[in-house]
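Protein chains get the first letters and strands the later ones, always in sequence-line order, with residue 1 at the start of each. What you see is a predicted model; the values in this text were computed from it and never measured.
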Amino acid sequence: MTKQVRQLDRVVIRFAGDSGDGMQLTGDRFTSETAQLGNDISTLPNFPAEIRAPAGTLPGVSSFQVHFADFDILTPGDAPHVLVAMNPAALKANLGDLPRGATIILNTDEFTNRNLAKVGYAANPLDDGSLDGYAVHPVALTSMTVKALDGQAISKKDAERAKNMFALGLLSWLYSRPHESTLAFLERKFAARPELVTANVTAFKAGWAFGETTEGFAVRYEVKPARQQPGNYRNITGNTALALGLVAAGVRSGLPVFLGAYPITPASDILHELSKHKKFGVTTMQAEDEIAAVGATLGASYGGALGVTSTSGPGVALKGETISLAVALELPLIVVDVQRAGPSTGMPTKTEQADLQMALFGRHGEAPVAVVAPRSPADCFDAAIEAARIALTYRTPVLLLSDGYLANGSEPWLLPDVTGLPDLRVEFASEPNSPDGFMPYLRDPATLARPWAIPGTPGLEHRIGGLEKADITGDISYDPTNHDFMVRTRAARIEAIQVPDLEVEDPDQTARVLVLGWGSTYGPIGAACRALRQRGLPIAQAHLRHLAPMPRNVDDVLRRYDRVVIPEMNLGQLAQVIRARYLVDAIAYNQVRGLPFTASELEFMLEELVKNA
Amino acid sequence: MTKQVRQLDRVVIRFAGDSGDGMQLTGDRFTSETAQLGNDISTLPNFPAEIRAPAGTLPGVSSFQVHFADFDILTPGDAPHVLVAMNPAALKANLGDLPRGATIILNTDEFTNRNLAKVGYAANPLDDGSLDGYAVHPVALTSMTVKALDGQAISKKDAERAKNMFALGLLSWLYSRPHESTLAFLERKFAARPELVTANVTAFKAGWAFGETTEGFAVRYEVKPARQQPGNYRNITGNTALALGLVAAGVRSGLPVFLGAYPITPASDILHELSKHKKFGVTTMQAEDEIAAVGATLGASYGGALGVTSTSGPGVALKGETISLAVALELPLIVVDVQRAGPSTGMPTKTEQADLQMALFGRHGEAPVAVVAPRSPADCFDAAIEAARIALTYRTPVLLLSDGYLANGSEPWLLPDVTGLPDLRVEFASEPNSPDGFMPYLRDPATLARPWAIPGTPGLEHRIGGLEKADITGDISYDPTNHDFMVRTRAARIEAIQVPDLEVEDPDQTARVLVLGWGSTYGPIGAACRALRQRGLPIAQAHLRHLAPMPRNVDDVLRRYDRVVIPEMNLGQLAQVIRARYLVDAIAYNQVRGLPFTASELEFMLEELVKNA
Amino acid sequence: MPDAKNVERAVTTAPIALKLTAKDFKSDQEVRWCPGCGDYAILAAVQAFMPELGIPRERIVFVSGIGCSSRFPYYMDTYGMHSIHGRAPAIATGLSTTRPDLSVWVVTGDGDALSIGGNHLIHALRRNVNLKILLFNNRIYGLTKGQYSPTSELGKVTKSTPAGSADSPFNPISLALGAEATFVARTIDSDRKHLQSVLRAAAGHRGSAFVEIYQNCNIFNDGAFDALKEPATRDDFTIRLEHGNPITFGRNAEWCVIHPPGGFGLEVRRTAEVEPHEIVTHDRTVAEPAYAFALSRLPGEDLRHSPIGVFRAVDRPSYDDLVRGQVAAARARLTGSPEEELTKLLNSGDTWTIM
Amino acid sequence: MPDAKNVERAVTTAPIALKLTAKDFKSDQEVRWCPGCGDYAILAAVQAFMPELGIPRERIVFVSGIGCSSRFPYYMDTYGMHSIHGRAPAIATGLSTTRPDLSVWVVTGDGDALSIGGNHLIHALRRNVNLKILLFNNRIYGLTKGQYSPTSELGKVTKSTPAGSADSPFNPISLALGAEATFVARTIDSDRKHLQSVLRAAAGHRGSAFVEIYQNCNIFNDGAFDALKEPATRDDFTIRLEHGNPITFGRNAEWCVIHPPGGFGLEVRRTAEVEPHEIVTHDRTVAEPAYAFALSRLPGEDLRHSPIGVFRAVDRPSYDDLVRGQVAAARARLTGSPEEELTKLLNSGDTWTIM
Ligand SMILES: Cc1ncc(C[n+]2csc(CCOP(=O)(O)OP(=O)(O)O)c2C)c(N)n1
Ligand SMILES: Cc1ncc(C[n+]2csc(CCOP(=O)(O)OP(=O)(O)O)c2C)c(N)n1
Ligand code: SF4
Ligand code: SF4
Ligand SMILES: [Mg+2]
Ligand SMILES: [Mg+2]
């Protein structure tokens with residue numbers, strides 16, 4: 001039976017099931033197949049806070065959304081075109097996000113009375129008409145998988161578990177994905193248990209064959225490759241990209257990297273990833289807590305390492321006192337904050353941007369630091385290198401603000417040429433810098449950085465500490481004038497950091513409204529702006545990578561527009577800074593839902609502004 | 001010999017000597033005598049960071065400045081009229097602050113070559129003409145004291161130590177102070193060692209007699225009582241007033257007070273003072289660190305106590321994570337920050353206002369709290385009660401921002417009528433608040449406060465925690481819409497706090513310039529404004545007690561003036577908030593010297609503004 | 001402090017005839033641990049034990065930190081606080097100090113108690129605050145998905161230590177004893193009867209009771225305590241401490257613990273090979289903590305010779321009792337009403353009057 | 001990690017013939033402790049000991065927290081960091097782990113190490129990081145002017161405890177042993193020779209060396225250790241531990257320590273009343289920490305029977321050695337230049353090419 005093939009320009013698929021159903025893996029594989037094909041991609045995993053919530057419950061639902069297209073996309077998609085629901089809980093938890101007309105593929109085997117009751121379905125949605133208006137494909141995923149594996153030497157449980165590969169096979173067929181890499185992946189993954197390789201491969205192929213043969217799926221789809229910049233690509237999450245960026249910074253600076261960290265969601269994977277790269281001279285330490293983590297890191301920085309500590313909001317709250325010490329010591333230090341929804345423990349697996357003010361102001365005394373934020377998963381690589389550049393050149397703590405959305409989301413990454421990455425080499429002090437001997441607080445007039453004289457350097461023995469220091473000598477000083485001078489110098493040091501100008505995307509130069517953003521809102525803001533422009537509504541977009549110091553041209557940029565709007569996943573933290581600094585009546589547009597903005601809601605909001613501007 | 005008596009309206013005296021010379025005590029006693037007389041007073045102690053710096057060195061100098069007048073004064077005075085210098089170090093350390101013509105009383109016994117050399121005097125300033133232009137009184141304080149005590153049964157060391165009482169006697173005579181209270185004080189202080197009572201009383205009287213008889217002091221001064229509000233007064237420091245305010249809040253709320261604290265300069269005295277007041281049901285706990293201190297306090301609040309934790313900036317930096325928990329739990333909690341110069345350890349004995357942004361923003365997630373600041377030492381009493389009112393009524397953490405200047409400075413305090421203090425009684429929840437049982441997050445619509453249902457209350461068993469909670473039920477919730485709602489509700493809760501309007505002092509209503517301040521700058525700003533007005537230059541002053549929420553009329557007030565200037569002992573932290581909130585081009589006037597502003601420098605700055613307005 | 005009028009109004013203090021059952025301690029929250037997690041067994045054991053306390057539910061409070069184990073309070077129909085990582089002992093100290101009428105329990109994990117919370121734990125033990133501290137030791141970080149913990153064995157391969165961990169673990173019992181703990185015990189999730197016997201002893205102790213509970217995390221560290229559970233090894237590996245009894249173990253008591261003369265510490269021997277009087281008789285009330293400390297050092301890395309039961313239970317004044325005693329003594333000296341006393345206090349020192 | 005080219009450029013690694021004296025270790029900063037403070041004696045002893053290390057000054061680092069004692073680094077003409085309260089062990093751990101060429105010393109106080117810094121201390125000891133930790137124990141908070149500390153005796157009246165403190169102190173030696181310390185010692189500010197002998201042993205230990213130094217704060221807790229200093233009590237109160245020697249003390253060795261059969265722990269007896277073979281011979285290398293722990297429990301509240309010297313010195317791999325070993329082993333597998341390897345790393349996993 002030859003099926004009809006239809007061309008699509010983009011598709012959003014959400015795989016949803018129980019935590020034990022392997023949805024993250026399924027989504028990952030589908031993404032990988034899709035990437036191979038050259039589509040542009042963006043993904044959004046979403047998993048429960050519990051390790052294993054009771055099977056079949058709403059809190060136990062885990063999902064993975066992938067958006068792929070034949071053009072360059074910016075977000076994982078607002079609403080799925082296709083939902084794969086492995087059980088009633090997955091259906092119930094996700095149905096609200098589906099537009100009418102969407103496709104739903106259901107695992108009918110799980111729609112038992114017991115499972116329906118567990119999530120409060122009074123009637124079976126397969127029968128009660130509540131799914132009218134969707135294109136529903138009921139598929140007995142479990143039993144067909146088990147049947148396909150009949151006779152193989154595996155347990156019933158293992159056979160049932162392979163149902164996600166059946167589903168993947170079906171979807172791969174449906175969207176004409178190349179499946180060699182998945183088969184290779186299964187070989188690798190189950191190398192130790194060949195019977196599972198066979199089982200999973202069989203399940204995958206059975207799913208594929210089911211698509212090909214069954215009448216239920218009359219049409220097959222294709223999404224052509226996107227026109228992307230030539231080069232080598234891989235799909236990458238923000239946390240991995242950030243970790244690799246730190247490895248790269250180590251290589252390009254010639255310094256050993258030291259990561260001191262205490263596990264915390266959603267930052268732990270940075271520790272996990274870096275702990276694999278010891279061969280680059282990367283040392284990772286799981287410290288007893290966040291304070292020890294930043295302390296050990298500062299100790300390593302003092303000794304001449306590129307010191308990094310990674311955590312999430314609650315951890316940064318604990319590190320404030322030590323960061324304040326690093327400000328006084330004027331040593332390089334990178335503090336990675338993978339933001340999550342707060343306050344307090346909040347919603348640890350959900351994203352948010354509400355740590356900006358803490359990054360800028362969350363320490364006692366005047367304790368200014370540099371603040372840098374990546375805008376997309378792959379951009380975490382570059383942002384990490386930029387943070388290292390600033391920390392090393394200016395001898396200052398740098399807060400690198402990622403978030404849960406960037407951390408776990410993924411996108412294709414054009415692999416950089418390593419030799420083209422910034423040269424981060426630094427000179428340690430090696431001899432006295434004044435006729436009177438070594439002056440630890442005698443600054444480089446260009447950068448205002450003090451010398452980095454690491455222990456072990458003969459003749460430069462000196463003492464530093466958290467008490468106020470006299471300019472130049474670094475001796476303890478209680479002199480009022482000196483203190484005032486040092487406070488202002490520390491502030492000036494940050495303001496003196498050279499950062500690139502803020503770029504504005506305003507294709508026709510006719511926009512009167514500017515959307516200003518920072519961090520992970522880049523994708524949805526960009527998508528919304530594009531959509532508006534396509535509809536002939538001019539709008540300008542600018543996205544801040546540097547929150548402290550701000551690029552010098554921000555004032556100019558802001559004044560070019562009649563209205564400035566700042567969408568943030570907080571209650572207006574960047575807006576507060578912009579308003580204070582530039583006295584511009586920036587509009588704060590805020591949502592604090594633990595989820596990224598959708599492009600469509602931003603488009604809607606911006607449309608009003610543009611029309612009324 | 002009858003001496004001439006001259007009337008003065010105000011005098012500023014600074015007692016300065018070695019840390020071991022008892023200058024704080026001397027100053028305290030002089031202040032007390034002066035208070036008895038009904039002068040208005042303001043004091044400023046200044047002591048070294050070291051416990052006992054080596055005797056006779058510059059870092060070892062300790063001083064106490066007292067300003068007294070026959071009118072109502074606001075600061076401890078910019079420049080001393082009289083310096084009592086017990087040794088060369090004291091002279092050297094303080095001479096720079098003296099205006100020409102000032103009186104200097106020197107202890108010549110200490111002007112030995114060795115002591116002069118210790119502080120780098122090449123020549124004896126008594127001889128080399130460098131003190132020309134001052135009214136210098138060289139007095140052999142030590143040897144005269146020892147001589148006066150000749151024959152008494154005390155050691156030479158004890159005799160020499162009594163020289164501060166000789167000096168006090170001399171000054172008491174010179175400014176016609178009543179000395180009964182000092183004699184009574186000495187009886188009390190040395191009750192256990194009667195020989196020291198005799199010695200110190202003898203020394204005091206000898207000093208008095210010396211003034212009366214010597215030709216060196218031809219004139220004696222009087223400063224008439226100030227016209228003050230009738231009532232009972234005592235002289236009080238900010239830390240003591242704050243502690244008593246907390247005791248009073250306990251009495252007026254009927255709640256036990258629990259103070260969890262870890263010692264830190266300049267906040268430790270709050271712990272010390274409160275630990276004396278157990279009979280009021282005050283429990284103090286010296287915790288293992290600041291995190292434990294705020295943790296234990298929160299535990300006590302949960303149990304129904306008025307929970308207070310006191311610290312300085314580095315401690316607040318450590319408490320951020322727990323304060324964020326308190327925001328989520330919506331329990332009363334007072335966090336006292338006696339600010340000191342930062343960043344890091346900074347200058348622990350010096351004052352600063354640079355923790356405002358940390359108080360407002362220094363936590364992860366959107367974690368709004370109320371912020372209150374006292375304006376003068378005695379005002380710490382009222383501010384503490386106000387902090388308790390807000391914490392108890394609105395079930396929220398309140399940051400109470402004192403500083404080193406308020407903490408140790410003193411002024412006369414009109415003792416309040418206890419029954420007139422605010423009624424702080426609260427109702428604990430005692431029964432279910434809804435037909436479905438007890439709903440821990442069902443709010444009082446007026447205050448937005450949730451019920452305070454303390455353990456031990458039958459039928460209200462419930463669980464709270466740092467994970468996001470569903471509105472009303474308080475169950476764990478990951479629902480995006482609920483989170484957005486809760487984040488906004490927590491912010492609204494703070495904004496909903498009823499605070500009095502900002503008062504403006506603008507006597508003629510002709511001012512075009514407004515000086516806005518907060519905290520301990522009240523005194524110098526007020527003094528500067530008065531001075532300007534006396535010179536016919538109109539100026540308006542307003543001082544914020546509530547930094548969060550801001551009084552509702554702030555916008556109106558700001559818009560009434562052409563220029564708004566905000567002097568702060570930081571780099572412009574309130575100015576940042578005001579600019580962001582009200583888009584007013586407020587001018588930040590900043591000094592970060594570890595010292596209060598002087599009235600005269602503010603007067604100078606404001607004069608320019610007023611003239612150019 | 002429960003004498004404040006307000007507190008009294010809300011809180012019952014009259015003893016009530018209680019007829020509670022395990023069910024009364026089950027909250028309405030769905031339990032959300034992984035199927036098979038040892039936490040379920042502990043929860044069930046605790047819920048079933050609670051009625052024995054004879055304390056009404058409203059006077060019981062569970063305070064926890066963060067971790068899988070720290071979800072515990074949600075499932076108990078008592079008062080409860082799921083606080084922040086590592087801080088439960090500090091929070092519970094403030095509560096216990098101000099509220100002697102409450103029975104305060106801390107639930108914590110090996111990471112929560114010994115990594116980030118190590119300082120609060122040792123200080124709570126030193127102070128001997130009236131707290132029952134239940135440390136669920138699964139030798140792994142469960143909630144953050146499988147990093148090693150301060151009780152993981154040296155060389156442990158986890159997500160954060162792909163080449164094996166490089167730090168020797170704490171022995172929680174030794175650490176507690178080094179921190180002057182007055183009550184120290186160990187038990188196992190799977191042995192409900194034993195677990196409850198230890199809870200009983202802990203509940204009866206005035207001061208801090210530290211209870212280490214070996215808990216299986218079947219997802220990230222499955223089988224960590226199998227040697228103490230498997231029939232093949234169980235009896236030879238586990239030493240059941242019983243107060244007043246000679247320490248013997250093994251299916252037929254073929255092993256015993258002796259205190260070899262001239263040696264340092266305690267040693268395991270074949271019962272048949274020693275004189276009966278040489279066998280150490282377990283005495284949990286020995287003042288000298290060196291005995292319990294020596295007991296704590298018996299197990300090897302393979303858990304062979306793990307004592308379970310109460311190692312130590314001695315009397316020492318508890319911090320909160322002493323502190324409340326000081327407050328009560330001071331209050332007894334109060335002569336007037338609080339308002340009058342406050343007026344006196346404010347008016348103390350050098351005062352003066354302006355007419 | 002000192003193989004990074006940059007580090008090498010700045011740092012000498014070639015051994016130099018050293019002719020250093022105490023004076024070479026005196027910095028130009030004026031010493032600012034109270035006259036009479038025990039810290040002076042310790043400083044002088046350390047400065048005089050340093051040349052013995054045979055390590056050039058630039059390879060020595062002193063890291064401290066906050067407190068009077070923590071001013072120490074300013075006075076040493078080595079590298080030094082006066083950090084923040086309680087965190088020195090953490091900071092020093094990062095330094096020591098990345099810089100094996102350095103000799104890293106931590107100076108801390110009883111508040112700094114045992115109150116706010118307790119967790120970092122016990123974890124450093126557990127990890128056995130190459131650090132020499134000198135805890136100046138004056139049983140009081142000096143710098144903040146006299147509050148009680150976790151080593152102050154129960155009932156201590158201080159500014160923060162006018163009615164007496166309500167918490168039993170830590171025994172720092174017991175705590176360290178409970179935290180798996182491999183080297184534990186105690187000495188006294190006033191006994192320079194003894195102090196230096198302990199420093200020598202500590203310096204020779206690979207791993208964490210924990211040294212408690214009894215230090216007199218003559219301003220806020222004067223005479224706290226007088227019983228060990230006054231001729232009247234000194235000899236009868238102090239037990240000088242000497243490796244390989246029987247533990248006897250008293251002016252004429254009239255006291256001894258025995259290990260009573262059947263008893264728990266160690267006890268003090270009259271030498272005349274016991275058989276010589278009953279006297280415990282001190283062995284700091286005993287693997288079992290229960291022995292050192294028992295020693296640590298000998299002193300009473302009046303300091304009677306305080307052992308000084310090295311309680312325990314055993315070998316265990318140190319954290320930093322193991323970690324560096326892992327890194328070195330991984331680096332040995334590096335085939336290309338770092339840039340080439342990085343290119344490989346970035347290009348690993350599923351990649352694809354767009355033409
Ligand atoms: C300040 C802070 N740091 C880190 C975390 C992340 N975190 C949550 S639980 C946990 C460790 C859990 O391990 P354990 O205490 O052993 O409990 P278990 O889950 O094993 O029961 C960590 C690191 C956090 N919530 N807060
Ligand atoms: C975070 C923080 N909390 C509190 C302090 C105040 N503080 C400084 S030193 C100290 C204790 C000092 O005691 P100890 O460690 O025994 O040292 P000593 O002065 O006795 O040598 C305290 C509480 C501080 N500097 N930082
Ligand atoms: S991860 Fe481990 S400890 Fe946590 S719930 Fe699952 S089995 Fe239990
Ligand atoms: S206060 Fe005590 S410890 Fe501090 S310097 Fe003075 S005597 Fe020494
Ligand atoms: Mg655990
Ligand atoms: Mg001390």
Inset, instruction - Considering only heavy atoms and a distance below 4.5 Å, find which of B:S344, B:S19, B:P263 pairs most often with chain D. - result: B:P263
Inset, instruction - Could you tell me which residues satisfy salt bridge (charged side-chain N to carboxylate O under 4.0 Å, His left out) with B:E273, sequence neighbours excluded, listed by chain and number? - result: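 Checked B:E273 against salt bridge (charged side-chain N to carboxylate O under 4.0 Å, His left out); matches are B:K276.
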When rounded to the nearest 0.5 angstrom, what distance separates [atom1] in [X] from [atom2] in [Y]?
X	Y	atom1	atom2	value
D:K145	B:F47	NZ	CZ	5.5 Å
B:D269	D:S160	CG	OG	11.0 Å
D:T161	B:H272	OG1	NE2	9.0 Å

Inset, instruction - State, with a plain yes or no, whether a side-chain heavy atom of B:P59 is found less than 4.5 Å away from one of D:R32. - result: yes
Legend entry - Greatest number of heavy atom pairs closer than 4.5 Å to chain B - which of D:R71, D:K159, D:E30: D:K159
Inset, instruction - Evaluate side chain to side chain donor-acceptor pair (under 3.5 Å) for B:E288 paired with D:S115, printing each intermediate quantity in order. - result: CA-CA 5 Å; B:E288 60 270 28; D:S115 199; over 6 Å; no
Inset, instruction - Can you check whether anything in residues 118-128 of chain D gets within less than 4.5 Å of chain B, heavy-atom wise, and list it by number? - result: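 Near chain B, by residue number: none.
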Inset, instruction - Select one option (side chain, backbone, both, neither) describing which atoms of B:A287 are under 4.5 Å from chain D's heavy atoms. - result: backbone
Inset, instruction - Return the set of residues passing side chain to side chain contact (heavy atoms under 4.5 Å, CB included) with B:R161 (not counting sequence neighbours), or none when no residue passes. - result: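 So B:R161 forms a side chain to side chain contact (heavy atoms under 4.5 Å, CB included) with B:D158.
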Legend entry - Partner set under side chain to side chain contact (heavy atoms under 4.5 Å, CB included) for B:A248, not counting sequence neighbours: B:F381, B:I385, B:L421, C:L342
Inset, instruction - For residues D:T144 and B:I264, report the shortest heavy-atom separation together with the two atoms involved. - result: CG2-CA, 4.3 Å
Inset, instruction - Indicate the ring-plane relationship of D:H85 and B:Y262, choosing parallel, tilted or perpendicular according to the 30° and 60° boundaries. - result: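 Answer is tilted, since the angle falls between 30° and 60°.
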Measure distances from [X] to the heavy atoms of chain B and classify the residue's part below 4.5 Å as side chain, backbone, both or neither.
X	value
D:S83	backbone
D:C37	neither
D:I219	side chain
D:H82	neither

Legend entry - D:D28, CG atom: more than 12 neighbouring heavy atoms under 6.0 Å: yes
Legend entry - Derivation of the side chain to side chain contact (heavy atoms under 4.5 Å, CB included) call for B:L318 and D:I116: CA-CA 11 Å; B:L318 289 166; D:I116 192 167; 4.2 Å; yes
Inset, instruction - Answer yes or no: is there a donor N or O on one side and an acceptor on the other, between the side chain of B:Q286 and the main chain of D:Y148, under 3.5 Å? - result: yes
